[in-house]
Amino acid sequence: TQIPISIEKDCSTITPPYDSLIEKLGRVRNHLKRPLSLAEKILYSHVVDPDQAFSSGGKIRGESYLQLRPERVAMQDASAHLQFMSAGLAQSAVPASIHCDHLIQAVEGAESDLKRSIVTNQEVFDFLQSAAAKYGLEFWRPGSGIIHQIVLENYAAPGMLMLGTDSHTPNAGGLGMLAIGVGGADAVDAMTATPWELKAPKVIGVHLTGKMGGWTTPKDLILHLAGKLTVRGGTGSILEYFGPGVASQSCTGLATIANMGAEVGATTSTFPYSARMRDYLIATGRAPVAKAADRAAAQGFLSPDEGIEYDQLIEIDLSKVEPTINGPFTPDLSTPVSKFGEFIKSQGWKDEFSAGLIGSCTNSSYEDMTAVADLAKQAKAAGLTTKVPFLCTPGSEQVRATIERDNVTSALEDVGAVVLANACGPCIGQWKRDDKQGEENAILTSFNRNFKSRNDGNKLTMNFLASPTIVTAMAFSGKLSFNPMTDSISLPSGESFKFQPPHGRDLPTDGFTPGNGEFYPIRNPAPQPEVNIVIKPDSQRLEILEPFGSHFGPGSGNPRGLELPSMKVLLRVRGKCTTDHISAAGPWLKYKGHLTNISENLRDTQAINDEGGEMNVAFDKDTNSQGTIPEIAKRFKARNQPWAIIVDDNYGEGSAREHAALQPSFSIVRCGMIIARSFARIHETNLKNSVLRLFADKADTPHAWGDVETGNGAEIKLQSLSQRINVNKSDGDSFQLSI
Ligand SMILES: O=C(O)C[C@@H]([C@@H](O)C(=O)O)[N+](=O)[O-]
Ligand code: SF4
């Protein structure tokens with residue numbers, strides 16, 4: 001039954017408590033007598049005790065640790081439930097939702113893919129559904145959509161602070177809020193009303209002027225910004241966009257920009273409340289939230305103060321931003337489309353690509369799909385179909401049903417598109433792709449991440465990130481050098497065809513429709529303690545988390561807890577080491593709820609040993625042998641030998657996947673150490689929650705890399721946690737690292 005979604009939603013649990021937030025902000029201002037950015041207003045008004053937090057005044061940003069009360073939590077698949085269960089509480093302290101979106105494998109199309117994936121993951125989905133019922137959480141079934149599209153459509157609200165167990169939680173920033181990605185343990189802080197600790201982020205101001213024109217989309221803005229800031233440029237900061245260029249952007253366009261703030265390491269991204277946000281709230285059945293936000297905005301709560309001092313200011317004239325393509329293998333290698341052909345040629349790569357994919361949480365909105373359909377209709381009228389496989393993923397059932405009703409889906413299928421289930425799918429390696437395995441090839445996607453092997457398990461597949469409209473236009477040419485803004489495609493008739501710039505609609509003329517009722521959420525308004533959460537004792541998919549052994553405290557043989565054992569360096573990792581390098585997703589994701597089994601994916605780790613440059617190789621000096629990293633780690637564990645690894649900058653870049661942090665703890669004995677030049681924020685927090693981690697400060701960095709043999713087998717003796725690390729080189733020399 002097609003019911004216009006404009007029927008009002010129950011907004012009681014999704015309207016932020018603006019009055020109390022504004023009152024708290026007043027108390028903050030009593031201490032911080034200076035203009036506040038929007039991000040600071042939202043964050044600081046969610047501090048547990050502003051008087052305690054800000055009475056000492058000071059800089060706050062980049063220095064103070066804030067104790068916060070997030071209003072809501074969203075969880076994807078099995079990511080925080082196992083920890084929440086061990087908290088032993090009857091229900092979550094804040095409204096929370098569970099989303100089944102990462103385990104639906106793309107094979108041939110939505111219907112059969114969904115049916116098959118429900119069967120293969122039934123045990124996990126049943127577990128999640130029972131956990132939702134028991135603890136009173138909202139449950140979004142497989143096929144209902146990608147967590148971040150659903151959060152934007154149903155839960156996000158201007159001025160809210162929420163957590164999500166996924167690195168792209170910041171997508172909800174498109175509605176002028178702070179949505180922060182965390183691991184499961186941090187989400188459980190919010191669900192157990194434990195103050196959630198965050199180091200007060202710095203605030204990077206991004207001043208948008210001018211207007212986007214032609215082929216340029218919000219995706220191009222963030223691809224361009226990623227090229228400027230690099231994958232580390234936003235670490236420890238919030239990106240706060242402001243200026244005349246914001247108002248003209250649609251809400252889902254702003255969400256795309258906020259989404260990929262994760263790719264520059266930003267804690268999150270946000271925008272001042274705008275008329276387009278209000279329109280989106282009303283179109284998605286949340287007029288009461290819009291009304292309340294209007295009132296809060298009138299009190300200055302949803303925009304920055306005048307005279308703000310940002311920690312860094314970036315000026316972007318939107319009229320000068322070109323359509324951009326980023327990749328391969330890193331989301332910050334940015335090339336304007338107009339120069340992409342040259343770039344491909346300069347690398348000696350073939351001027352072709354093997355698939356075009358539209359979707360992921362970054363670009364799967366109604367607006368994205370209608371803009372893509374506009375190009376499809378142009379091409380169809382010229383008798384063209386796509387030259388390469390063209391896979392399209394709607395972000396939610398609401399998007400799917402609305403684009404189907406509005407003949408967008410048929411326009412895509414008319415030119416050869418395969419519409420996939422409303423889920424993450426190929427973005428996270430849930431893509432059964434038999435052709436091209438082992439072959440060097442390129443794909444073009446509208447996704448946000450392009451780490452090696454991520455989409456199809458093939459290390460030789462180069463994923464280039466672009467806007468959905470650039471991906472679509474190029475899919476009709478099949479060439480990487482094709483520039484739809486200048487080039488034509490020759491037709492069989494001998495004529496040539498040139499695309500006109502695409503136009504999409506962010507809000508459907510006839511309103512959104514919620515689609516198939518079987519994908520509506522199970523609300524679970526109250527916990528049902530009698531519900532039994534089933535985890536079979538011999539389950540291969542789910543495993544209760546047990547506490548790790550520790551080298552500290554009672555029973556550890558180290559009562560004072562200060563002395564640390566000497567450790568052996570397992571390896572020194574060379575260069576980029578993302579969460580995908582550490583804990584591969586794809587086929588391994590099905591073991592997300594089972595730490596023992598998922599830890600086997602260390603077999604596939606892509607970490608490069610800096611001595612010798614080989615992938616997944618570690619050395620055991622005691623037996624003068626080498627093996628894979630997990631093999632040697634297990635051998636150290638069997639010998640009761642604590643180990644350390646030495647890694648580079650931005651260690652743990654990418655996802656909130658906390659098994660990437662749990663797994664090393666799982667294969668270490670008593671304690672382990674990761675010495676990094678720097679960590680990605682979420683991963684650092686996940687490590688803190690599971691394994692000891694220290695890192696050398698920049699001054700010592702040269703000692704830890706390059707001129708000192710700190711890799712395989714070096715002996716590390718910690719004087720104590722507060723002093724310096726003494727590293728004995730295998731040639732007898734030693735040096736120290738400060739902590
Ligand atoms: O792998 C996971 O569990 C979550 C991860 C995933 O959504 C991803 O995009 O890599 N993420 O980004 O946090
Ligand atoms: S980035 Fe991909 S895998 Fe991660 S939440 Fe978004 S769609 Fe899912």
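Please read all numbers here as calculations on a predicted model, not as lab measurements.
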Gap separating the [atom1] atom of [X] from the [atom2] atom of [Y], nearest 0.5 angstrom:
X: Gln249; Y: Tyr241; atom1: CD; atom2: OH; result: 11.0 Å
X: Glu153; Y: Ser396; atom1: CD; atom2: OG; result: 3.0 Å
X: Leu198; Y: His46; atom1: CG; atom2: NE2; result: 13.0 Å
X: Thr579; Y: Tyr651; atom1: OG1; atom2: OH; result: 10.0 Å
X: Ser334; Y: Lys339; atom1: OG; atom2: NZ; result: 11.0 Å
X: Ile470; Y: Thr217; atom1: CD1; atom2: OG1; result: 8.0 Å

Hydrogens and angles aside, do [X] and [Y] bring a side-chain donor and acceptor to less than 3.5 Å of each other?
X: Gln312; Y: Ser237; value: no
X: Asp317; Y: Ser319; value: yes
X: Thr284; Y: Arg286; value: yes
X: His99; Y: Asp166; value: no
X: Ser37; Y: Glu40; value: yes
X: Glu240; Y: Thr270; value: no
X: Glu315; Y: Thr209; value: no
X: Asp506; Y: Thr252; value: no
X: Ser167; Y: Arg449; value: yes
X: Thr461; Y: Asn441; value: yes

With a 4.5 Å limit on heavy-atom distance, are the side chains of [X] and [Y] in contact?
X: Lys479; Y: Met474; result: no
X: Pro272; Y: Leu302; result: no
X: Phe301; Y: Ser45; result: yes
X: Leu318; Y: Ile316; result: yes
X: Asn463; Y: Phe451; result: no
X: Leu507; Y: Asp279; result: yes
X: Ile325; Y: Leu223; result: no
X: Phe343; Y: Gln347; result: yes

Item to complete: Test Asp305 against Lys41 for salt bridge (charged side-chain N to carboxylate O under 4.0 Å, His left out), laying out the working first.
Response: CA-CA 9 Å; Asp305 289 342; Lys41 290 183 179 179; 2.7 Å; yes
Taking side-chain hydrogen bond (donor to acceptor under 3.5 Å, both in side chains) as the criterion, tell me which of [options] meets it with [X].
X: Lys576; options: Asp649, Thr330, Asp648; answer: Thr330
X: Asn448; options: Asn171, Thr256, Asn259; answer: Asn259
X: Lys219; options: Asn363, Asn326, Thr469, Thr324; answer: Asn363

Contact summary for [X] and [Y], nearest pair of heavy atoms:
X: Glu322; Y: Ser338; answer: OE1-OG, 2.7 Å
X: Ala157; Y: Pro16; answer: CB-CD, 3.6 Å
X: Ser365; Y: Val399; answer: C-CG1, 4.1 Å
X: Pro331; Y: Glu653; answer: CD-OE2, 4.1 Å
X: Ala475; Y: Phe390; answer: CB-CD1, 4.0 Å
X: Ala266; Y: Leu239; answer: CB-CG, 4.0 Å

Test your reading of the model: is there a side-chain donor-acceptor pair from [X] to the backbone of [Y], 3.5 Å cut-off?
X: Thr370; Y: Tyr366; value: yes
X: Ser446; Y: Gly359; value: yes
X: Thr216; Y: Met212; value: no
X: Ser274; Y: Ala247; value: no
X: Asp101; Y: Ile147; value: yes
X: Thr578; Y: Gly654; value: no
X: Lys377; Y: Val408; value: no
X: Asp186; Y: Gly183; value: no
X: Glu263; Y: Ala226; value: no
X: Arg681; Y: Gly181; value: yes

Ion pair present between [X] and [Y], side-chain N to carboxylate O less than 4.0 angstrom?
X: Asp311; Y: Arg61; result: yes
X: Lys199; Y: Glu684; result: no
X: Arg232; Y: Asp332; result: no

Worksheet item: Relative to the ring of Phe242, is the ring of His207 parallel (under 30°), tilted (30 to 60°) or perpendicular (over 60°)?
Response: parallel
Practice prompt. Pick out which of Leu36, Leu161, Leu38 makes a side-chain contact (heavy atoms from CB on, under 4.5 Å) with Leu43.
Written response: Leu161
Worksheet entry | Partner of Glu367 under side-chain contact (heavy atoms from CB on, under 4.5 Å), chosen from Pro508, Ser250, Pro468 | Ser250
Item to complete: Give a yes or no on whether Lys59 atom NZ has more than 12 heavy-atom contacts from other residues, nucleotides or ligands under 6.0 Å away.
Response: yes
Discussion item. Could you check whether atom NZ of Lys498 has more than 12 heavy atoms from other residues, nucleotides or ligands sitting under 6.0 Å from it?
Written reply: yes
Item to complete: Before giving the answer on salt bridge (charged side-chain N to carboxylate O under 4.0 Å, His left out), spell out for Arg400 and Glu397 the whole-Å C-alpha distance, their side-chain angles and the decisive distance to 0.1 Å.
Response: CA-CA 5 Å; Arg400 185 210 60 76; Glu397 173 58 10; 2.7 Å; yes
Worksheet item: Quick check, are the ring centers of Phe476 and Phe499 under 6.0 angstrom apart?
Response: yes
Practice prompt. Begin with the C-alpha distance, continue with both residues' side-chain angles, and end with the deciding distance and a verdict on ring pair (Phe, Tyr, Trp, His ring centres under 6.0 Å) for Phe464 and Phe353.
Written response: CA-CA 10 Å; Phe464 292 101; Phe353 64 98; 9.1 Å; no
Practice prompt. Run the numbers on Asn455 and Phe447 for side-chain contact (heavy atoms from CB on, under 4.5 Å), then give the verdict.
Written response: CA-CA 10 Å; Asn455 304 108; Phe447 302 165; 3.7 Å; yes
